[in-house]
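Contents: one structure, followed by commentary.
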Amino acid sequence: MSEDSGPLYLRTHHCGQLQAGDVGSKVRLAGWVDSYRDHGGVIFVDLRDREGLTQLVFNPQTHSDSHKAAESLRSEHVIAVEGVVDHRPEGTVNQGLSTGEIEVEVHQIEILSRPESLPFELSEGAEVSEDLRLRYRFFDLRRPKMQKNLHVRHRICQIMRSFLDERGFWEIETPFLTKSTPEGARDFLVPARLSPGEFFALPQSPQLFKQILMMAGYDKYFQIVRCFRDEDLRADRQPEFTQLDLEMAFVAEEQVIEVIEGLMQKLSQEILKIEVPEKFPRLSYAEAMDRFGCDRPDLRFGMEIKDIKAIAENCQFKVYQEAIKSGGQVRGICVPGGAGLSRKELDELTTFAKGFGAKGLAWFRGDPDKLYSPLTKFFSQEQLATLTNTFETKCGDLILTIADKPDIVAKTLAALRNSMAERFKLIPQSSYEFCWVLDFPLFEADTETQKPTPMHHPFTSPRLEDIDKLQSSPLETRARAYDIILNGTELGGGSIRIHQQQLQQQVFSLLGIGADEAQSRFGFLLDALRLGAPPHGGIALGLDRMAMLFTGTDSIREVIAFPKTQRGNCLMTEAPSGVDEKQLAELGLRIAAPAKKKPPQ
RNA sequence: GGGGCCGUAGCUCAAUUGGAUAGAGUUCCGGACUGUCGAUCCGGUGGUUGCGGGUUCGAAUCCCGUCGGCCUCGCCA
C-alpha cells in the first residue's frame, strides 16, 4: 500500500472479513473499540464494525508508537489502523469468532474520535432499561443484536421485493398526505397551510389507492409502506408501522393465498433456514373461535377448548346452571402439569380471568384416580368421569373452566390458554406454525350501538352464497376475508373486494352511511367503480411483526430503528413537542389546551 | 379512560420489610502485568433513593399527588 492511498480510515476490509487465507496481507480496518485488553506489554483490541470483530495486536517491541497510542484506547473509541494479517499463535485461536483464526498486527493507528463517558455498557450480557436505550438510541443501535435485527429486517424486505418482482408485481407509491376517513382507527391529521382550516390525514393503509390501481389496470401491485393509526400502543403496535401491501386483479382468495404461502416459504428458507408446509392449515373463523377462543390461534401447542354444556346443565353447581339457562356457555381447557399450582396461584388466575370480564374461574385438579375441586360435591361420579374423559385429564393436570356469555368465555379461555402454555413451557422453541383463518363475519355488532360495523373494512366483499343475508341477517353474512397467523400473532389480513358499485352502495347503507355521505367521503371510489372495475383482492402483512417473530424478539421495538414509547413519544428526539406561534399562525391554528412542552429553541 | 409492575451510584441490582454512616458487581479514574478474548490483580472516585407533599422520634421502605418506562383491558375498519 502506497503513502498516497488516502486517509487511514479508507479501509480495505471490514471487521468480519479476514481469514487465514489473508495472512501476510497489508490491510486497513476502521471501526469501534469493542474491548481492549492491556497486558502491560502487548495490547489486544477487538475492533468492531457492522460485519463483525477483528482482533488487533499492538506490540511495543516492533511498533512502539502505535502501542503507546493504543494505551489510551477505551471502549467505543473510533479508530483506523493499518497492519499485517497474521496467524494467531497455536492455542489462541478463538472458535467463537468468524475471524478467530487471525489477528492484525498494527503498524499504524489513528484515533478518529474519543467518546466522553458512555451512558451504558454495550456488552451482550448487560441488560439496560429500555427508556435509557431509547433515549440514547444512537448508541443502543451499535449493539450487534440490534444490527442483526435490522439486518434481518432488511433481508426480509429484499426477499419480498425480488419475490414479488419475479411474479410480475409492480412497486407503486401512494400518498401519505391524503383524506381523512373517520371509520376505523383514529387518524393522524396534518394541517393544510394552503387550505386554512382543512386537514390531510396520514393513511391508515393505502387501501383505497391500491383498489383504484386495480381499476386502472395495474393488475399486480405491492408496496412496503408506512401506515399510521393514532391508537394506544402495545408491544406489537406502534402508531407508525410498516406493511407489505399488495393487491391483484382478476383473482379470488386462492390466488392471493398462494402468493403469500410462496413468499412465506421463501422467507422461512432464507431467513430461518427451515421448510414450512407448501399449504398452511386453514380454519374457519367459527372453528378457530370454537377450538381456541380467538381468531389468531397459536397452533404450536394443544390445550384446546372443550365444551361441557351437557355436564353443566345437569350438575348441582348453580354458576354452571345459570350460565347455560341464560344462553351462555361453560367451557374449559386442561393444563398439562397444572395441578402443582397453589391455592394462592389459583386465586391469582381467577383475578386474571376477571380481567377479561369473567365472573370467576372454576378448577378441577387431576389427583391420583380422581378429580379434586372444592366443587366436586356438586357433581355426580358420572359427571366427573365425563369431565375427565372430555379433557383427557391425567394425574397432575388442571382443568380451568369459565361459565359466561360466549364472547367472555372465548376471550378468557384464549388468554388462559396462552398464559398457561407460556408458564408451563408448553411452547416448543424455534417452531413456526402458520395458518389461515377464513370465513370471517362481514360485520360485527358495535359494542355500544349494536349496529353492524365492518369486521375487516367496508370494501370487503361478502361471500356470494351469503348475499341474500345482507338485508335479512347482516351479522350472519360471511366475508371473503382471510387472515394469516404465525405462532398466535396476526401477521396480516386481506380480502376480495367489492368491485360492483351497487353492492358497495348497499354495504355503505347497511353501515348507516347514506348516499350523500358515501359520495362525500368515498365518492372517488364509487366514481372509479362506475368506470369499470375488475374483481380484485389483496392482503397486507405487518412487516414489524414478521421481523419480530423471525428475530425471536418479543417486541416490535426491537426491529424498529427509532420506535416510540408506550405513550407515543420518541425519547431520543423528544417528539412530539410544541411549536412556536408563527408556525401556528401560518396554519390558522390556535391551541385550546396548552402544550406540555415548550417549543424547541 | 381503567387495572397491574417498576423508578436507589454512569449501568444492573441489594438494603434483614420503618431504624444508626444506603451496599455489591460492573463502568470510570490511577497503578501492576508480554498471548488475552466478559483478561487478571491492587487501590480510588462515584448517591437530591424520579419529583412534590404528608404520617412518624426516625422514611429508599407507609400514605397522597405528580412525572417517566413497561405489561394489559378498552381501543386498534
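We name chains A, B, ... by the order of the sequence lines, and we start the count at 1 in each one.
Within the nucleic acid shown, Q95(A) has no heavy atom closer than 4.0 Å to any nucleic acid atom. When heavy atoms are screened at a 4.0 angstrom cut-off, L233(A) is found touching no nucleic acid atom at all. Within the nucleic acid shown, Q566(A) comes within 4.0 Å of at least one base atom, counting heavy atoms only. Contact annotation for P454(A): backbone-only contact, meaning every heavy-atom pair under 4.0 Å involves sugar-phosphate atoms and none involves a base. Within 4.0 Å (heavy atoms only), P89(A) reaches at least one base atom of the nucleic acid. Residue contacts shown for K354(A) are absent, as no nucleic acid heavy atom lies under 4.0 Å away. At a threshold of 4.0 angstrom between heavy atoms, the contacts of S35(A) are confined to the sugar-phosphate backbone, with no base atom among them. Among the atoms of the strands shown, none is found under 4.0 Å from any heavy atom of R186(A). If you check every strand for non-hydrogen atoms under 4.0 Å, S129(A) touches sugar and phosphate atoms only. Within 4.0 Å of D230(A), counting heavy atoms only, lies no atom of the nucleic acid at all. Looking at heavy-atom distances under 4.0 Å, F356(A) makes contact with sugar-phosphate atoms alone, never a base. Residue L132(A) is classed as a sugar-phosphate contact, given heavy-atom separations below 4.0 Å to backbone atoms only. Heavy atoms of T565(A) sit under 4.0 angstrom from primed sugar atoms or phosphate atoms, though from no base atom.
Here R37(A) does not reach the OP1 or OP2 of U34(B): none of its side-chain N or O atoms lies under 4.0 Å away. Considering only side-chain N and O atoms, R567(A) lies under 4.0 angstrom from the phosphate OP1 or OP2 of G69(B). Residue R133(A) places no side-chain N or O under 4.0 Å from the OP1 or OP2 atom of U12(B).
A60(B) and U8(B) have their P atoms separated by 15 Å, with the value rounded to a whole Å. Here, G19(B) and C62(B) have their P atoms 11 Å apart, quoted to the whole Å. Of the P atoms belonging to A59(B) and A22(B), the separation is 13 Å, rounded to the nearest Å. Comparing the same atom, C1', in U26(B) and in G38(B) gives a spacing of 11 Å after rounding to whole Å. Rounded to whole Å, the separation between the P atoms of C75(B) and G18(B) comes to 41 Å. For the P atoms, the distance from C64(B) to G3(B) is 12 Å, rounded to whole Å. Distance noted for atom P between G7(B) and C42(B): 32 Å (whole Å). Distance check on atom P: A14(B) versus A24(B) gives 16 Å, rounded to whole Å.
Residue F120(A) and nucleotide C11(B) are not classified as a stacked aromatic pair, given the requirement of ring centres less than 5.5 Å apart at an interplanar angle below 30°.
Of the two residues near RNA chain B, R545(A) and E105(A), the one whose nearest nucleotide lies more 5' is E105(A). Mapped onto RNA chain B by nearest heavy atom, E127(A) and R229(A) fall at different nucleotides, with E127(A) at the one closer to the 5' end.
Between L56(A) atom CG and G35(B) atom C1' the separation is 15 Å, expressed in whole Å. Look at CG on L53(A): it is 14 Å from C1' on U36(B), rounded to the nearest Å.
Listed candidates were C76(B), G35(B), G69(B). Nearest to the side chain of R237(A) is C76(B). Side-chain proximity of Q55(A) to the nucleotides U36(B), U72(B), U27(B) is greatest for U36(B).
Aromatic ring orientation, F138(A) versus Y136(A): perpendicular (interplanar angle above 60°, classes split at 30° and 60°).
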